[in-house]
2 protein chains.
Amino acid sequence: MQESKKPSRRGRPAAQGARTSRPRQAEVARAAGVSQATVSLILADKKDGAAFSDETRRKVLDAARELGYVPDPAARRLAAARNNLLGVFSFTATFPTEMQHSYYPFLVGVEQEAAARGYDLVLFTGSSSGGAGAAGPDALGRVRLADGCLFLGRHIPTQELRRLVADGFPAVHLGRRDELEGLAWVGADYVSAGREVVGKLADLGHRRFVLIREDDDAPASTDREQGFLEGLTAAGLDHDAGTVHRSADPRRDITPERLRGWLAEGVTAFVAEETDTGAAWRALRAACRTTGLQVPRDASLALLGSPPADLSHEAVPTGFDIPRTQLGAAAVRLLASLVAGEDAEEPLVTCTFRPGETAGPPPSVRQQPQAQGDM
Amino acid sequence: MQESKKPSRRGRPAAQGARTSRPRQAEVARAAGVSQATVSLILADKKDGAAFSDETRRKVLDAARELGYVPDPAARRLAAARNNLLGVFSFTATFPTEMQHSYYPFLVGVEQEAAARGYDLVLFTGSSSGGAGAAGPDALGRVRLADGCLFLGRHIPTQELRRLVADGFPAVHLGRRDELEGLAWVGADYVSAGREVVGKLADLGHRRFVLIREDDDAPASTDREQGFLEGLTAAGLDHDAGTVHRSADPRRDITPERLRGWLAEGVTAFVAEETDTGAAWRALRAACRTTGLQVPRDASLALLGSPPADLSHEAVPTGFDIPRTQLGAAAVRLLASLVAGEDAEEPLVTCTFRPGETAGPPPSVRQQPQAQGDM
DNA sequence: GCGCATTACTGATGCGCATTAACGAGAACT
DNA sequence: AGTTCTCGTTAATGCGCATCAGTAATGCGC
C-alpha cells in the first residue's frame with residue numbers, strides 16, 4: 001500500500017475509495033444552521049430536555065436524518081474515555097476444533113449479558129494455535145485495549161495477570177482462582193453441589209462411597225472432594241465411609257478388579273468428577289458394564305458435573321449441572337461492576353441437582369451379579 | 001500540558017476508581033525522556049529504519065513494555081490508521097442457546113485465520129436477544145470501530161449494510177449475497193456440489209429424481225436447485241427426470257402418500273436440501289420409515305449438506321460436506337485483503353462429496369415393500 | 001431602567017494517536 | 001568561515017465527538 005506518497009492530506013491514508021464520506025456532525029450543523037456542539041447535544045438527547053427549543057431540535061434532527069448521519073464510534077469512544085469493549089481471553093483457542101472442549105456454554109451467557117449491558121466483546125486470539133501475536137510475553141497486554149477482560153482456562157500466565165491486576169485493570173477469571181491475590185473471579189459452588197449429591201445418595205441408603213477424582217489440585221477438583229467429604233459428615237457417616245481415589249488415567253486405572261474390590265468392601269455408590277474428557281465417568285461406566293453390574297440396581301453412580309456430549313443418548317447420570325451460561329453472565333456482571341468502579345461481590349453460582357437415572361437404593365443384600373446387565 | 005484551568009475534569013466521566021489508568025504514549029514518552037511523537041513513530045516501526053538512534057529506540061521500547069503500553073484502538077482508528085480489529089456481526093445471536101444453530105464451525109475458521117494474521121476479533125452484540133443496542137437503526141454503525149467486519153446470517157438489514165459498503169468500509173458477508181451490489185462475500189459452491197451428488201446418483205443407475213427444497217429463494221436454496229438440474233443435464237437426462245418440490249413445512253408435506261406417488265412415477269432417488277433444522281431430511285427419512293422403504297435398497301437418499309447434529313449416530317447420509325471452517329478462514333482472508341486496500345477475488349469454496357450410506361443402485365424392479373424396514 | 005436569574009445556544013478544548021513541517025546540531029562541502 | 005546537507009527529534013495539527021465555560025437574549029421584580 002502506498003505510504004507517504006502524497007505529501008498532503010494526512011488522514012485517511014489509503015483505505016477508502018469513498019468520495020462522499022459520510023457526514024460529520026459539523027455538516028449536520030451547517031445544514032441545520034447551528035453549531036456542532038448543538039448537534040452533539042441534541043443527538044445525545046440529554047435529560048436536561050428543555051435546554052433547546054423544539055424548533056432547533058427539529059431542525060437538527062431533520063438535517064441529521066436527511067444527511068444520513070451516523071456517529072463515528074471511534075470518535076465517540078475516544079471522547080468518552082471508554083470503549084464499551086470487554087475482552088475475552090482464553091489460553092487455549094476460544095473455538096477449538098472439537099466443540100466439546102469449547103467454552104461455548106459460557107460464551108452464551110457472556111454474550112447475552114454483554115449485549116444486555118451494551119458491551120461488545122473482543123476475542124483475543126493471542127493464545128490460539130500458533131497465532132501471530134501468540135508467544136510474546138506481552139500477549140496479555142493487548143487486553144488493555146478493552147475496558148476490562150474476562151479470562152478463561154486453566155493455564156493463564158500468572159505473572160502477567162498479576163501485573164494487570166496490580167495496575168487496576170478490571171479482570172475477572174471464570175472459575176475459582178484464589179492463588180492470585182486480588183484477582184476477581186466467579187465460580188460454581190462445587191462444594192455445596194457435591195455435598196448435596198452425596199446427601200441424596202445417603203438418603204437413598206448408601207453408606208459407603210468412592211470418589212474418583214483427577215490427580216492434580218485444581219480448585220474444581222479440590223472443591224468437589226471437599227463437598228464429597230462434607231456430604232458424608234452431614235449424613236452422619238464416619239471417616240471410612242468415603243474413599244477418595246485419585247487417578248491420572250482412569251481408563252486403565254478403574255479396572256473391573258478394583259471395582260470388585262470396592263464392592264467387596266461394601267461400597268455401593270460411586271461418584272466421579274467431571275473432567276474435560278469425561279474420562280472418570282467413562283471408566284466407571286465401562287468397569288460396571290464389564291463387571292456385569294446393573295445400574296442402579298446393583299450400584300449407584302453419580303457424576304459431579306455434566307456428562308460428555310457424546311454420551312447424551314445414554315442414561316442421564318445422577319449428579320449436578322453446572323450453570324455455565326449463568327456463570328458466563330455472572331462473570332460479565334462482575335466485570336461490568338469493576339469497570340464502573342464499584343467493587344461488587346459476586347457470590348458463587350449454585351449448581352442444580354440432577355436426579356438422573358443412575359442412582360437408586362443400594363441392594364439390601366450384596367450378591368455377585370451373574371449375567372451381563374445393561375444400564 | 002497543564003491548561004490554564006484545571007478544576008473541570010471533563011474526560012473520564014465517573015467511570016474509574018482506577019488509580020492507574022492504562023498508560024498513554026505521552027507517559028511512555030515521559031518515562032523514556034522523549035516526545036510523544038517519537039514514541040508514536042518508534043512504536044509504528046516505520047521502515048525508514050535509520051530515522052532513530054538505537055539508543056532512543058531501545059529506551060522507548062523498554063519504557064513501553066515496562067508500562068504495559070497498549071494503543072487505544074479508538075484513537076488509532078480516529079487518527080485514520082488500523083487497529084488490528086476485525087468485527088464479527090451476526091444478526092442472530094452469535095452464540096445461540098442451542099448450539100446446533102450456531103456459527104460455531106465458521107467461527108473456528110475465523111478465529112484461526114484471524115489469529116494467524118494478527119487480528120483480534122470484535123463480536124458485536126448489537127443483534128442478540130434483546131440486547132441494549134439492539135434495535136437502533138445505527139446498530140450496524142458500531143462496526144466502524146473495527147478495521148473491517150464480517151457479517152453472518154440471513155437477515156442483515158440491507159439498507160444499513162449498503163451504507164457501509166458505499167462508504168468504502170471493508171465488509172464481507174459469509175454466504176452468497178448478490179443482491180447487495182458491491183458487497184463482498186464468500187460462499188460454498190453449492191451448484192457444483194449439487195451437480196456432483198446428482199451425478200453420482202445417476203452413475204449408480206438412477207433415472208428419476210426428486211429434490212425437496214425450501215420455499216424461499218435464498219441463494220443457498222437456489223444454487224442447490226441449479227446444481228440438481230445441471231446434474232440431470234450432465235447425466236444426459238431430459239427434463240422430467242427431475243421434480244423440484246418446494247415445501248415450507250416438510251414435516252406435514254412429505255407424506256407417505258406423496259412418497260408413494262413419486263415411487264409410482266418411477267422416482268428412485270430423493271435429494272433433500274440442508275436446512276437450519278434439517279426438516280426436509282427428517283421428513284424424508286420419516287416418510288421412508290413409515291412407508292417401509294429400505295434405504296438404500298428400495299430407494300436412495302441424498303442430503304445436500306450436513307445432517308443435523310442430533311442425527312449423528314444414524315446412517316451417514318450420502319451428500320456433501322460444507323467446509324464451514326474453511327469458509328470462515330476464507331472470509332477472513334478476503335476481509336484482510338479489503339482492509340489492506342487490495343481487492344482480491346475470493347473464489348467459491350468447494351464442498352466435498354460424502355459417499356455416505358444412503359445411496360445405492362436403484363432396484364431393478366420396483367416392488368411395493370411389504371415389511372417394516374430399517375434404515 | 002437597572003440588577004439578576006433563566007433560557008438557548010456557541011466557542012473552545014481535549015480525548016489518544018498519526019502525521020508532517022520544522023528545528024537544532026553536527027558533518028561535509030565550497 | 002560560511003553554506004548546504006543530513007540526521008535525529010520535536011512542536012503542531014487534526015481526526016469526530018462530548019463536554020463545559022461562556023455569552024447573548026430574554027424575562028422579571030422593583
Side-chain angles (χ1 to χ4, degrees), chain A residues 3-16 21-30 32-46 48-57 59-60 64 69-83 144-145, chain B residues 1-15 21-30 32-46 48-57 59-60 64 69-83 141 144-145:
Chain A
E3 275 316 308
S4 43
K5 298 295 189 160
K6 44 189 70 174
S8 58
R9 309 275 286 108
R10 49 132 98 26
R12 215 114 333 204
Q16 323 249 54
S21 78
R22 75 206 154 83
R24 320 284 144 176
Q25 282 188 350
E27 299 167 44
V28 175
R30 205 175 313 131
V34 298
S35 73
Q36 175 265 322
T38 300
V39 174
S40 175
L41 289 174
I42 288 185
L43 291 184
D45 197 21
K46 283 299 173 191
D48 4 348
F52 288 94
S53 69
D54 287 346
E55 168 67 6
T56 303
R57 187 182 307 277
K59 279 193 305 185
V60 168
Y69 171 77
V70 177
D72 180 331
R76 204 199 264 285
R77 288 172 182 189
L78 184 57
R82 47 188 317 202
N83 55 27
R144 300 178 113 109
L145 116 193
Chain B
M1 51 186 19
Q2 343 297 68
E3 288 315 302
S4 35
K5 51 290 235 78
K6 51 92 219 169
S8 41
R9 313 264 291 100
R10 60 139 91 38
R12 212 120 335 201
S21 76
R22 73 197 167 84
R24 317 288 151 184
Q25 283 188 349
E27 300 168 42
V28 175
R30 205 176 313 132
V34 298
S35 73
Q36 175 264 323
T38 301
V39 174
S40 175
L41 289 175
I42 289 187
L43 291 184
D45 197 20
K46 286 298 173 192
D48 358 353
F52 286 94
S53 69
D54 287 346
E55 168 67 7
T56 302
R57 186 180 308 276
K59 279 193 304 186
V60 169
Y69 170 78
V70 172
D72 179 325
R76 241 182 145 89
R77 247 339 248 171
L78 190 58
R82 316 266 194 72
N83 59 16
R144 293 180 192 266
L145 176 70

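Computed from a prediction, not measured in an experiment: that's the story for all the values here. Chain A is the first sequence line, chain B the second, and so forth, proteins listed ahead of strands; every chain is numbered from 1.
- Under the salt bridge (charged side-chain N to carboxylate O under 4.0 Å, His left out) criterion, B:Arg76 pairs with no residue at all, not counting sequence neighbours.
- Here the C1' atom of nucleotide D:dG16 and the OH atom of A:Tyr69 are 7 Å apart, to the nearest Å.
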Strictly under 3.5 Å: I want the nitrogen or oxygen pairs between protein and nucleotides 9-11 of chain D, one per line.
unit_1	atom_1	unit_2	atom_2	d
D:dT9	OP1	B:Ser53	OG	3.4
D:dT9	OP1	B:Thr56	OG1	2.3
D:dT9	OP2	B:Ser53	N	3.1
D:dT9	OP2	B:Thr56	OG1	3.3
D:dT10	OP1	B:Ser35	N	3.4
D:dT10	OP2	B:Ser35	N	3.0
D:dT10	OP2	B:Ser35	OG	3.1
D:dT10	OP2	B:Thr38	OG1	2.2

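- C:dC17 atom P lies 13 Å from atom CZ of A:Arg144, rounded to whole Å.
- Listed pair B:Arg24 / C:dG16 meets the phosphate criterion, a side-chain N or O lying under 4.0 Å from OP1 or OP2.
- Rounded to an integer number of Å, the gap from A:Leu43 CG to D:dG16 P is 16 Å.
- Considering only residues two or more places apart in sequence or on other chains, B:Glu27 meets the side chain to side chain donor-acceptor pair (under 3.5 Å) condition with none of them.
- Summarising the geometry, the separation between CG on B:Leu78 and C1' on C:dT19 is reported as 13 Å, rounded to the nearest angstrom.
- Atom OG of B:Ser35 and atom CD of B:Gln25 lie 10.0 Å apart (nearest 0.5 Å).
- Remark: B:Val34 engages B:Ala29, B:Ala32, B:Thr38, B:Val39, B:Thr56, B:Val60 in a side-chain contact (heavy atoms from CB on, under 4.5 Å) (not counting sequence neighbours).
- Scored by the side chain to side chain donor-acceptor pair (under 3.5 Å) test, A:Ser40 finds no partners at all (sequence neighbours excluded).
- At least one side-chain nitrogen or oxygen of B:Arg76 sits closer than 4.0 Å to the OP1 or OP2 atom of C:dA18.
- Summarising the geometry, atom CZ belonging to A:Arg77 is positioned 4.5 Å from atom CG belonging to B:Leu145; distances are rounded to the nearest 0.5 Å.
- Counting to the nearest Å, the C1' atom of C:dC15 and the CD atom of B:Gln25 are 13 Å from each other.
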Its dot-bracket string being built from Watson-Crick and G-U pairs below 3.5 Å, with | for another strand and [ ] for crossing, DNA chain D has the pattern ||||||||||||||||||||||||||||||

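- In this structure A:Asp72 satisfies the side chain to side chain donor-acceptor pair (under 3.5 Å) test together with A:Arg22, sequence neighbours excluded.
- Here the CD1-NZ distance, from A:Ile42 to A:Lys59, works out to 9.0 Å after rounding to the nearest 0.5 Å.
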